[in-house]
Amino acid sequence: IPIKGTGLAANGALLAQGETDAHWMITSGPGITSPQPAVSSFVSSPYIRTPQAGWVWVNSSGRAGIEQYYEFSRDVDIGTADPSSVMLTGDWAADNFGEVYLNGAPATGTGRLVLPRGDVKNLPAANAFAITSGLRPGVNTLSFRVTDTGAPGGLLAWNLRVVPKR
């Protein structure tokens, strides 16, 4: 089951800077009182780039709350699949650091589910992960909590899919 990454239009094309991403909602963070769509933001060196997704943030400039996390969330429907037989995989990058959550709790699995403060690989590289437990039947909520330590901030998530466990 493929899942749209960040910064994509309904047809899968990359959003232009400043366009809202209807698939990803900012559900908490400084100044967030109700869910609002993520916004396609800047891209500059040394940020990783991929044609499969675009960077998003609270606004197009990448400037917002510092040293407090923003939570970017989207629903993932696994349908009638047995949750114990599938996993959610993907790649992500963050400026500056963050953690993957599933259904409101830190995700469990393998790979880079946490991008630690100060790690230089957080934004210029693909950080692969697999969530191997915690999925529920039907709709689940995938979230990334990202903290910026100084503008700009951003989140990039791509290659997201629900696949059979190996």
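- Taking the side chain as every heavy atom from C-beta outward, Ser41 and Asn59 never approach each other to under 4.5 Å.
- Under the 4.5 Å side-chain heavy-atom criterion for ILVMFWY residues, no single connected hydrophobic cluster contains both Leu115 and Leu123.
- Follow the hydrophobic side-chain contacts under 4.5 Å out from Tyr69 and you never reach Val58; the two are in separate clusters.
- Summarising the geometry of Ala93 relative to Ala125, their closest heavy-atom pair is CB-O, 3.8 Å, with the distance given to 0.1 Å.
- Interatomic distance, CG of Asn96 versus CG of Asp148, reported as 5.0 Å (0.5 Å rounding).
- Atoms CG and CD1, on Asp75 and Ile78 in that order, are 12.5 Å from each other to the nearest 0.5 Å.
- A donor-acceptor pair shorter than 3.5 Å can be found between the side chains of Asn122 and Arg112.
- Trp92 and Leu88 fall within a single hydrophobic cluster, where Ile, Leu, Val, Met, Phe, Trp and Tyr side chains are chained together by heavy-atom contacts under 4.5 Å.
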Pairs under 3.5 angstrom only: tabulate donor-acceptor contacts from the side chains of residues 25-37 to other protein residues two or more places apart or in another chain.
unit_1, atom_1, unit_2, atom_2, d
Thr27, OG1, Glu71, O, 3.4
Thr27, OG1, Ser73, OG, 3.3

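- The closest side-chain heavy-atom distance from Leu8 to Leu15 is not below 4.5 Å.
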Side chain to side chain contact (heavy atoms under 4.5 Å, CB included) between Val100 and Leu142, intermediate numbers included: CA-CA 8 Å; Val100 182; Leu142 173 64; 3.8 Å; yes

Applying side chain to side chain contact (heavy atoms under 4.5 Å, CB included) to Tyr70 and Val146, what does each step give before you reach the verdict? CA-CA 5 Å; Tyr70 287 95; Val146 179; 5.7 Å; no

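- Here the CG atom belonging to Leu14 is positioned 11.0 Å from the CZ atom belonging to Arg49, to the nearest 0.5 angstrom.
- When side chains are defined from C-beta on, Val56 does not count as touching Val39, because their heavy atoms never get closer than 4.5 Å.
- Hydrophobic clustering (side-chain heavy atoms under 4.5 Å, transitive across Ile, Leu, Val, Met, Phe, Trp, Tyr) groups Leu113 together with Leu102.
- Once rounded to the nearest 0.5 Å, the distance linking CZ of Phe144 with CG of Leu155 reads 6.0 Å.
- Using a 4.0 Å cut-off between charged nitrogen and carboxylate oxygen, Asp21 and Arg74 do not count as a salt-bridge pair.
- The OG atom of Ser60 lies 5.0 Å from the CD atom of Gln17; values are rounded to the nearest 0.5 Å.
- Under a 3.5 Å cut-off, the side chain of Lys4 and the backbone N or O of Ala10 do form a donor-acceptor pair.
- Looking only at distances, no side-chain donor or acceptor of Thr20 sits under 3.5 Å from a matching main-chain atom of Ala22.
- Across all non-hydrogen atoms, the minimal contact from Ala16 to Glu19 is N-OE1, 2.7 Å.
- If you take CZ on Arg117 and OG1 on Thr149, they are separated by 6.5 Å, rounding to the nearest 0.5 Å.
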Using the rule given for side chain to side chain contact (heavy atoms under 4.5 Å, CB included), can you reason through Leu156 versus Ile48, listing the C-alpha separation, both sets of side-chain angles and the distance that settles it, and then say yes or no? CA-CA 9 Å; Leu156 180 69; Ile48 186 170; 3.5 Å; yes

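- Considering only heavy atoms from C-beta on, Pro106 comes within 4.5 Å of Tyr101 through its side chain.
- Side-chain contact between Gln68 and Thr147 is absent, with no heavy-atom pair separated by less than 4.5 Å.
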Would Val86 and Val163 count as a side chain to side chain contact (heavy atoms under 4.5 Å, CB included) here? Give the steps. CA-CA 5 Å; Val86 295; Val163 298; over 6 Å; no

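- In this structure, Thr141 and Ser143 approach most closely via the heavy-atom pair CG2-OG, 3.7 Å.
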What side-chain donor-acceptor pairs closer than 3.5 Å can you find for residues 131-138, not counting sequence neighbours?
unit_1, atom_1, unit_2, atom_2, d
Ser133, OG, Thr108, OG1, 2.6
Arg136, NH2, Asn103, OD1, 3.2

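- Under the side-chain contact (heavy atoms from CB on, under 4.5 Å) criterion, Val114 pairs with Glu99, sequence neighbours left out.
- Cluster membership check: Val76 does not share its hydrophobic cluster with Val139, using side-chain heavy-atom separations under 4.5 Å among Ile, Leu, Val, Met, Phe, Trp and Tyr.
- Of the candidates Trp24, Trp57, Trp55, Phe72, Thr6 forms a side-chain contact (heavy atoms from CB on, under 4.5 Å) with just one, namely Trp24.
- Surrounding NZ of Lys165 are more than 12 heavy atoms belonging to other residues, nucleotides or ligands, all under 6.0 Å away.
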